[in-house]
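This chain uses plain numbering: 1 for the first residue, then up along the sequence. Predicted model, so just to flag it, every value in this text is computed and none were measured.
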Amino acid sequence: MKILMVNKFLYPNGGSETYIFKLGEQLQKTGHEVQFFGMEHEGRIVGNHAQIYTSDMDFHGGGLKKLLYPFRIIYSAEAKKKMCLVLEDFGPDVVHLNNINFQLTPSVIYAVRAYEKKHGRHVRIVYTAHDYQWVCPNHMMRVPSTGEICFACRGGDYAQCGKRRCIHNSRVKSLLGTVEAKYYAKRKTYGMVDVIVCPSEFMKKQLDTDPLLVDKTVMMHNFIERDGARQSAAAVNTENGTDRNETAPKRKDYVLYFGRFSEEKGTGTLLAACRALPDIPFIFAGTGPLEEQVNQAFNVENRGFVTGDALRSLIEGARFSVYPSEWYENCPFSVMESQMYGTPVLVSDLGGAPELVQAGRTGELFRGGDVQELTEHIRTLWNDPGLCREYSENCKEIKFDTIEEYCDKIVRKVYA
């Protein structure tokens, strides 16, 4: 099978890029032919045989090109034209869309249907929803100026985006978001997609509010890569009949947060809880706009951006981790990764993240944005090491799809 992965960024930039790179790699391992289409960039690590990409769009730059961005982010003639050239060269059976809005635009959907009409063959269009863009112009269902969780545009009242300045708190950008949403709703563009993969039940529920999408959505939690060494050790212990606690990581005395330091991630709320718990040491790993506030907290050690074995060591050493997000997260890898390493998670009750935690078995939930409730949960867990150990043991029983299992499901249930 030939699969064309479409994503605006073709370099490591976030969760959607991790998703397409890992899925594309696994598809190739199982004998499928995979190529990629998106923006050209000096950091690009994947591509297509024709070596055709759209020009890089930097919204933070200046000059004449930036003056044209308001038109290009709604409909990109360049993206459609270049997408058509790649389709002609590759001839895919499936086009798998990911993050396409703004830099690529849904014009790429029209490129696929034009190719179909020209060649008289059906090309299956699959879309993985990494955010809420198709029902919310600012993609987060959150008003940035107030932090308010918002459903105002759900159902098609996209004018609310402009009224509330939902995109970067800018009236102009929010108006453009409204125009884009109304334009594609009127043309029923998103209804041209065959299948929409939703990485959480919460995401599926939101997209199902659009009558054009309701019959196209399927829920599939994200995959997670297993740690080979940990699996091997567990297998040896089982065979030898030894206590699996003998190889369990040694827990240390800290609570861990790893991720972006920002308001929507709940960093401010977590820092308020840290101040209320001066006797509990915290380690933060990440970067972001609230980094200065993190550095000023006397009982917080900022390790900065950490990956690989260093991050694994931090996760395994924590008594528990905290995921205090204050927007409707989709299916965060961080929550799955923490539990994969046997570390219980304290998670806010917003979005798809709570679906990943067995409350009272592998972690606990608290009301998102509630400092007092978060503080009480942290204090309770910290003062009960036995409960944390029990949660940790239960984490070993969690079953998330491996990339191999996820890829098999995609091919059999989505691409077919």
Side-chain angles (χ1 to χ4, degrees), residues 18 224-237 242-261 265-267 270-271 273-288 291 294-295 297-325 332-348 353 356-358 361-366 374-375 377-398 400:
T18 299
I224 188 166
E225 291 190 284
R226 304 295 186 197
D227 183 271
R230 184 168 178 257
Q231 282 189 307
S232 298
V236 169
N237 285 344
T242 58
D243 187 347
R244 58 181 173 178
N245 285 325
E246 290 180 13
T247 58
K250 182 175 176 57
R251 299 291 168 182
K252 300 177 183 177
D253 288 332
Y254 63 85
V255 178
L256 176 66
Y257 168 76
F258 60 106
R260 181 171 167 78
F261 303 158
K265 290 293 187 179
T267 307
L270 179 55
L271 286 172
C274 293
R275 289 192 292 270
L277 300 165
D279 296 330
I280 298 178
F282 293 81
I283 290 180
F284 281 38
T287 59
E291 187 161 3
V294 172
N295 292 334
F298 77 94
N299 58 335
V300 174
E301 178 186 349
N302 180 10
R303 293 288 183 90
F305 184 72
V306 180
T307 59
D309 289 341
L311 178 58
R312 172 188 168 183
S313 179
L314 278 179
I315 297 172
E316 288 187 327
R319 285 202 193 178
F320 58 92
S321 65
V322 184
Y323 200 84
S325 188
F333 285 106
S334 299
V335 174
M336 295 191 293
E337 192 171 13
S338 186
Q339 293 177 107
M340 180 182 72
Y341 290 129
T343 300
V345 193
L346 176 56
V347 178
S348 73
L356 306 173
V357 178
Q358 299 172 31
R361 276 190 52 80
T362 65
E364 296 182 359
L365 306 180
F366 74 96
L374 173 58
T375 302
H377 272 283
I378 293 175
R379 181 184 291 114
T380 298
L381 285 172
W382 182 262
N383 290 336
D384 193 344
L387 181 60
C388 288
R389 285 194 295 270
E390 179 183 335
Y391 287 173
S392 179
E393 283 298 306
N394 292 336
C395 282
K396 298 174 183 178
E397 301 172 5
I398 295 177
F400 294 126

Quiz item: Say you draw a straight line from OG1 of Thr287 to CZ of Arg303; how long is it, rounded to the nearest 0.5 Å?
Solution: 16.0 Å
Exercise. Please identify each residue that fulfils salt bridge (charged side-chain N to carboxylate O under 4.0 Å, His left out) with Asp384, with sequence neighbours left out.
Key: none
Quiz prompt | Min side-chain heavy-atom separation Pro278-Phe298 under 4.5 Å | solution = yes
Practice problem: Look up atom CH2 in Trp382 and atom CZ in Phe282, then write down how far apart they are to the nearest 0.5 Å. | Solution: 8.0 Å
Quiz prompt | Between OG on residue Ser334 and CZ on residue Phe258, distance to nearest 0.5 Å | solution = 4.5 Å
Exercise. Taking side chain to side chain contact (heavy atoms under 4.5 Å, CB included) as the test, write out the residues that go with Arg260, two or more places apart.
Key: Ser262, Glu264, Lys265, Pro289
Quiz item: Where do Ile378 and Leu270 land on the side chain to side chain contact (heavy atoms under 4.5 Å, CB included) test, with the steps shown first?
Solution: CA-CA 10 Å; Ile378 293 175; Leu270 179 55; 4.0 Å; yes
Quiz item: Going by the angle between their ring planes, with limits at 30° and 60°, are Phe366 and His377 parallel, tilted or perpendicular?
Solution: tilted
Self-check item: With sequence neighbours excluded, residues passing salt bridge (charged side-chain N to carboxylate O under 4.0 Å, His left out) with Glu390
Solution: none
Practice problem: Would you please test Val322 and Leu374 for side chain to side chain contact (heavy atoms under 4.5 Å, CB included) and show each step? | Solution: CA-CA 9 Å; Val322 184; Leu374 173 58; 4.0 Å; yes
Quiz prompt | Distance-minimising heavy-atom pair for Glu291 and Phe261 | solution = CA-CD1, 3.9 Å
Quiz prompt | Backbone of Ser325 reached by a side-chain donor or acceptor of Ser348 within 3.5 Å | solution = yes
Exercise. Please answer whether the main-chain N or O of Ile280 pairs with a side-chain N or O of Asn299 as donor and acceptor at a distance below 3.5 Å.
Key: yes
Quiz item: When rounded to the nearest 0.5 angstrom, what distance separates OG1 in Thr362 from CD in Glu393?
Solution: 13.0 Å
Quiz item: Picking from Leu256, Leu314, Leu271, what satisfies side chain to side chain contact (heavy atoms under 4.5 Å, CB included) with Phe284?
Solution: Leu271
Quiz item: Does Gln358 have any side chain to side chain donor-acceptor pair (under 3.5 Å) partners at least two apart in sequence or in another chain, and if so, which?
Solution: Arg361
Quiz item: Between atom CG of Leu311 and atom OG of Ser338, what is the distance when rounded to the nearest 0.5 Å?
Solution: 9.5 Å
Practice problem: Without swapping roles, check the side chain of Thr343 against the backbone of Ile315 for a donor-acceptor pair under 3.5 Å. | Solution: yes
Practice problem: Mind listing the closest non-hydrogen atom pair of Cys388 and Pro344 along with its distance? | Solution: O-CG, 3.5 Å
Quiz item: By salt bridge (charged side-chain N to carboxylate O under 4.0 Å, His left out), which residues pair with Arg379, not counting sequence neighbours?
Solution: none
Exercise. Could you pull out all residues at least two apart from Arg389 that satisfy salt bridge (charged side-chain N to carboxylate O under 4.0 Å, His left out)?
Key: none
Practice problem: Indicate yes or no for a side-chain donor-acceptor contact from Tyr257 to the backbone of Pro324 under 3.5 Å, with no hydrogens or angles considered. | Solution: no
Exercise. Locate the shortest heavy-atom distance separating Val300 from Cys274; write the atom from each residue and the value.
Key: CG2-SG, 3.9 Å
Practice problem: Go through Gln339 and Phe400 one step at a time and tell me if the side chain to side chain contact (heavy atoms under 4.5 Å, CB included) criterion holds. | Solution: CA-CA 10 Å; Gln339 293 177 107; Phe400 294 126; 3.8 Å; yes
Self-check item: Test item: Glu364 and Phe320 side chains (from C-beta on) under 4.5 Å apart, heavy atoms
Solution: no
Quiz item: Which of these, Asp253, Val255, Leu381, sits in a side chain to side chain contact (heavy atoms under 4.5 Å, CB included) with Arg319?
Solution: Asp253
Quiz prompt | Rounded distance (nearest 0.5 Å) linking atom CG of Leu346 with atom OH of Tyr391 | solution = 10.0 Å
